[in-house]
There are 2 protein chains.
Amino acid sequence: MHGEEGLSTTHEMYLKVLYRQQMENEVGRVRDLAKGLGVTPGTVCAVLKKLEHAGLVLHDHYGTVKLTPAGIRMAECVVRRFDIIRGLLIEVFGLDTGAAEVDACTMEHAVSPATINRMESMLQLVRTGEIVVQPLHQVGPSVSTCSDCEVTGTCQAVAGVERSRSQGKRS
Amino acid sequence: MHGEEGLSTTHEMYLKVLYRQQMENEVGRVRDLAKGLGVTPGTVCAVLKKLEHAGLVLHDHYGTVKLTPAGIRMAECVVRRFDIIRGLLIEVFGLDTGAAEVDACTMEHAVSPATINRMESMLQLVRTGEIVVQPLHQVGPSVSTCSDCEVTGTCQAVAGVERSRSQGKRS
DNA sequence: ACATGTTGTTTGGTATGTCAAACAAAATTT
DNA sequence: AAATTTTGTTTGACATACCAAACAACATGT
């Protein structure tokens, strides 16, 4: 019935960044998207074609880029996942903001609805004090027990993009 | 100093499946890898070339496939991440085994060392009873508050592979 | 030993997502 | 309004990861 069978990580990122920029800027422009995503304008152009074809954005030639209602819904899903994971990593797992946001940006594309819902519940319970997790914060700062897997955040969008949005807009 | 700058999700999956099969079978064969990963033998062949070039596997022409010590170390990192995330999703977030394993298989490629270490600590604290999280299990079964983002597990390896391994080897 | 079947490899093709650089349109300056 | 700058689009190229199908090697049965 829905027809959609899941967006790629790339497409989710495009929608998310576009959504955030539209919240602040009103109008979307290719150059801003490119900057926000850390890719070239040519790449954005190509991907926008697909998103337009999928009915998620409207893109006037040499003009503005706008999310459709469907695009907004999808973007909000991604943003919700990001916010929940970010909160969880900071408030429950005790990571610092920067690391949490880089990881959240990668993980947001990897969790099913079931998992994100449980994460949301957990976050809520911790916030209301029904679950107490202070002990975790005493574990120490990001011990690297595994020197082999230097898994770096593979999220394309620079951490700065995340940071600038989620804690008060800064230029 | 290390030289490596992070494996792709694909390569991590190849190493993980190879590792598991070698734990059970001794000898690795292209067809088993292909089956375990849900891809064709031709694809496996191509990817093995890259893994060999990266010093992670040894692949005799028309012969066996074996992880190098470096490959084993990397594979163990991936397996460790999987196991921690799987445990967390089941024991802390209250997901059922199947869903947890599908999600863990996607998430295992998306968490930084810092995050996985915190997750491990959390899991330990829950197991030793220092943190109690029963309330979460009463939240109900995977409510889908978000009907738009039908994010499906994008993990290539069929859930069966995960399942057969992680709860007692079954043929 | 040789025919058959299995397993492994190669080849040619596809789809994504990316860049650099050429080119086109719009906006701004003067 | 013409020149210049900025912004947007297209093109050609590349890397990854995949498949189907042709082909090569190996293993076995009789």
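Being a predicted model, the structure only gives us computed values, none of them experimental. Residue numbers start from 1 in every chain, and the chains themselves are labelled A, B, ... in the order their sequence lines are given, proteins ahead of strands.
- In this structure, A/E12 atom CD and C/dT16 atom P are separated by 16 Å, rounded to whole Å.
- Between B/K35 atom NZ and C/dT6 atom P the separation is 14 Å, expressed in whole Å.
- Every residue meeting the side chain to side chain contact (heavy atoms under 4.5 Å, CB included) condition with B/T68, not counting sequence neighbours, appears here in chain and number order: B/L58, B/A70.
- The interatomic distance linking B/L51 (CG) with D/dA17 (P) rounds to 9 Å, in whole Å.
- Residue B/H11 has no polar side-chain atom (N or O) positioned under 4.0 Å from OP1 or OP2 of D/dT16.
- Below 30°, between 30° and 60°, or above 60°: for A/H59 and A/H61 the angle between ring planes is between 30° and 60°, a tilted geometry.
- Remark: B/L67 pairs with B/L15, B/L18, B/Y19, B/Q22, B/V57, B/I72, B/A75 by the side chain to side chain contact (heavy atoms under 4.5 Å, CB included) rule, at least two apart or across chains.
- Checked for salt-bridge contact, B/R29 and B/D32 meet the test: a charged N lies under 4.0 Å from a carboxylate O.
- Ion pairing of A/E108 with A/R80 is absent here, as no side-chain N (NZ or NE/NH1/NH2) approaches a carboxylate O to less than 4.0 Å.
- Within the model, atoms OH of A/Y14 and CG of A/L33 stand 7.5 Å from one another, a figure rounded to the nearest 0.5 Å.
- An OP1 or OP2 oxygen of C/dA20 is reached within less than 4.0 angstrom by no side-chain nitrogen or oxygen of A/T40.
- Checking the phosphate oxygens (OP1, OP2) of C/dG17, a side-chain nitrogen or oxygen of A/T10 falls inside 4.0 Å.
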For nucleotides 3-10 of chain D, give me one character per nucleotide, 5' to 3': B if any protein heavy atom sits under 4.0 Å from the base, S if the only such contacts are to the sugar-phosphate, - if neither. ----SBBB
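- The separation between B/Y14 atom OH and D/dA17 atom P is 8 Å, rounded to whole Å.
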